[in-house]
Protein chains: 2
Amino acid sequence: MTGLSRPEARRGASMADVAKVAGVSSQTVSRVANEKTNVDHATRERVLEAMKEVGYQPNHAARALRTGRFKSIGVIVFTLSTFGNMKTLDAITAAAAEVDHTVTVIRIPDPTRGTVSGAYRRLSEQAVDGVVIIFEAHLLDRAEITLPTDQPVVVVDSNAGDGFTVVDTDQTTGAREATAHLLDLGHETVWHISGPEASFSALHRAQSWAATLSERGITPPPVFVGDWTTDSGYRIGKEIVARGDVTAVFAANDQMALGAMTAFHEAGLQVPGDISVVGFDDMEESKAFWPPLTTVHQDFTEVGRLCIQSLMREIETRTHTPGRTLVPTRLVVRDSTAAPKSAA
Amino acid sequence: MTGLSRPEARRGASMADVAKVAGVSSQTVSRVANEKTNVDHATRERVLEAMKEVGYQPNHAARALRTGRFKSIGVIVFTLSTFGNMKTLDAITAAAAEVDHTVTVIRIPDPTRGTVSGAYRRLSEQAVDGVVIIFEAHLLDRAEITLPTDQPVVVVDSNAGDGFTVVDTDQTTGAREATAHLLDLGHETVWHISGPEASFSALHRAQSWAATLSERGITPPPVFVGDWTTDSGYRIGKEIVARGDVTAVFAANDQMALGAMTAFHEAGLQVPGDISVVGFDDMEESKAFWPPLTTVHQDFTEVGRLCIQSLMREIETRTHTPGRTLVPTRLVVRDSTAAPKSAA
DNA sequence: GTGAAAGCGCTAACAC
DNA sequence: GTGTTAGCGCTTTCAC
């Protein structure tokens, strides 16, 4: 069990150093480093050897200064602690690696006025070739956020203005299917545990839920507003228990669904016997909740992949082609939903 | 609902452009940009105005080339999909933002030979001022991974060699407490669901579990080897049910514990009535599992904070001070553990 | 196939 | 308090 090894420390030999050792011009070293073809085989070998000897390491800054390309893409995100953001970032990172780019994350701690623009500006100071903004933004601040450059930008948020390239999951259809599923099972109405009011994803899901009810002539009951956390779901679950008249709940994410189920269990209610629950996200754990959770699956990997694809196209062609790509969701029916007792 | 706004696109005015408009030297512009004090108030105002007029944006590459500092720290990670890695990255990102640094993530897709070194080398090409390596590495490859520069490095992995600055949670104590808790409850022995063999965290936890049993004169039963996923926990849970003689299980993470509990439920076993379960991690969701999971809490936020703190010190002082910092864990007792029936 | 010269945008060092 | 000079390490251009 050796652990890591650490060879002789040497700092940044330059092309000039290599050139001296190999007895060529630094230009030739550059050609070898960039795998250009017009270098004699013997010369190339000599240069390669010299590189090894002096411990050459390319200097990104110099290269970037010269070429104007950083081979890095920026990701602006408000939190990594939600399942969706984490998954999306993971996918973006993987997709970026495929095209030989790194990912620079800037996490905006508290999306209050000023902070956002400031942090964004900092990132946009050309240390990256393009930016993905994963929005879970507060309504108030959005109007303030301006994108100060002509840098390629992709926004993960189906509510960004028309000037943007947008990638998102099809939240509307997902929420509709979830609600319809419960209604089709025979529930008279469906209650909703939403995400925070400031979140556009939350808004979308809530709107779609309400619309689905309305279309069937059902007046949507009041919304329980959570904050995505298991804790908020638990707290709301207790309120729902206290009401006593709820048979079907659609939670805007799996974590709140989980919290609510815990409150139901504690109150001695059976899921789905006494009350049906649907989530949104389809976390890895959701299939192992008790009972296994019926939920709306989101394909975050695809979202990440499409972000990078769009971004790279904009970067390479230097064109800006606004447009909206919606990644389909699908309802995964498991064991947390059933017909209401009255209908059974 | 306006969405984002996008002002007139303009690309990269330089300091020279600003200088021309403001009627000063570009050096003065630099001074203003860097908030040096020795600039006349009126001049500063003029420069600021000119910056706005021409749409000045600093060029990171040029600055980095000149100063040798990137204001970015690199994070090498094998996956973002585990709870711990994600949390740690989140904390690192937050801590880095505090000291005005961005975080460049490089995700090594498949830690096979060559890939690791290659990816590491790519990152280490001086686009960052220091590196955090979050290790969940395969044994085989570790020997191959060398750190080719004298760049500041912090490793999150209590098994890195002595030449490194190491930050990690105290896995040994955590696993010991978990095992002892079960034993103290009266269980005759404790079975273990481990993480993948290639993982050092998994190895630590398994070793500590075995040692705790041995110290009490108990021969450790065979280990069930999982892969951190809920699915593997579920699969192993079914094996455990089939054995019929297990009363206490310590899983190396919460997700596997969750999967196992699902298998137990399906088999009609009561947790903790028939079988007690302890996890490791203390995910946000764990308190809402059914039953709420007894588990070992890890303070990932602290780990991330310490990583950045150590790294910044090394960067700023240009010294390398190897050392090992262990962040304490603590056992959180909830409802998934109880005395065995025989003892009750 | 190879080299010499120029310059990307910035800041450190020194002049005034 | 401000300007001038030089050069970070690289690549582009143009010679040869």
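Given the structure is predicted, the values throughout are model-derived calculations rather than measurements. Here is the naming used below: chain letters follow the sequence lines, and residue numbers restart at 1 for every chain. Heavy-atom basis, side chains included; hydrogens, waters and symmetry copies ignored.
- Among all heavy-atom pairs drawn from A/A91 and A/G304, the shortest one is CB-CA, 3.8 Å.
- Taking the side chain of B/T28 as heavy atoms from C-beta on, and the options C/dG3, D/dG1, D/dG3, the nearest nucleotide is D/dG3.
- Within the 3.5 Å criterion, the main-chain N or O of B/R313 finds a donor-acceptor partner in the side chain of B/T317.
- Atom CZ in A/R63 sits roughly 14 Å away from atom C1' in D/dT12 (whole-Å rounding).
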Which protein N or O atoms sit under 3.5 Å from an N or O of nucleotides 5-8 of chain D?
unit_1: D/dG7; atom_1: N2; unit_2: B/R66; atom_2: NH1; d: 2.7
unit_1: D/dG7; atom_1: N3; unit_2: B/R66; atom_2: NH1; d: 3.3

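- For A/S25, the listed nucleotide lying nearest its side chain is C/dG3; candidates were C/dG1, C/dG3, D/dG3.
- Here the P atom of nucleotide D/dT11 and the CG atom of A/N34 are 5 Å apart, to the nearest Å.
- The CG atom of B/D17 sits 10 Å away from the C1' atom of C/dG9 (whole-angstrom rounding).
- A side chain to side chain contact (heavy atoms under 4.5 Å, CB included) with A/L326 is found for exactly one of A/L306, A/V167, A/D168, namely A/D168.
- The pair A/E302-A/R305 counts as a salt bridge, with a side-chain nitrogen and a carboxylate oxygen less than 4.0 angstrom apart.
- As rounded to whole Å, 11 Å separates atom C1' of D/dG9 from atom CZ of B/F70.
- Side-chain N or O atoms of A/R31 include none that pairs as donor or acceptor with a backbone N or O of A/K36 at under 3.5 Å.
- Between B/S26 and C/dT11 there is no side-chain N or O to OP1 or OP2 distance below 4.0 Å.
- Here C/dG7 presents its P atom at 20 Å from CE of B/M15, a figure rounded to the nearest Å.
- Atom CG in B/D40 sits about 22 Å away from atom P in C/dC16, given to the nearest Å.
- Looking at the side chain of A/T67, the nearest of the listed nucleotides D/dC10, D/dG3, D/dT12 is D/dT12.
- For the pair B/R46 (side chain) and B/A22 (backbone), a donor-acceptor distance under 3.5 Å is present.
- With respect to A/D129 and A/K71, no salt bridge is recorded, no charged nitrogen being found less than 4.0 Å from a carboxylate O.
- Taking the screw axis at each terminus of the helix from C/dG1-D/dC16 to C/dC16-D/dG1 from five consecutive base pairs, the angle between the two is 30° to within rounding of 10 degrees.
- In this model, no side-chain donor or acceptor of A/R44 finds a partner on the base of C/dG1 within 3.5 Å.
- Closest approach to the B/Y56 side chain among C/dG1, D/dG1, C/dC10 is made by C/dC10 (side chain taken as heavy atoms from C-beta onward).
- Between the A/S25 side chain and the A/T28 main chain, a donor and an acceptor come within less than 3.5 Å of each other.
- Atom pair A/H60:NE2 and C/dC8:C1' shows a separation of 17 Å (rounding to whole Å applied).
- With A/N34 contributing its side chain and A/S30 its backbone, the two residues share a donor-acceptor pair below 3.5 Å.
- Rounded to a whole Å, the CD atom of A/E35 is 16 Å from the C1' atom of D/dT11.
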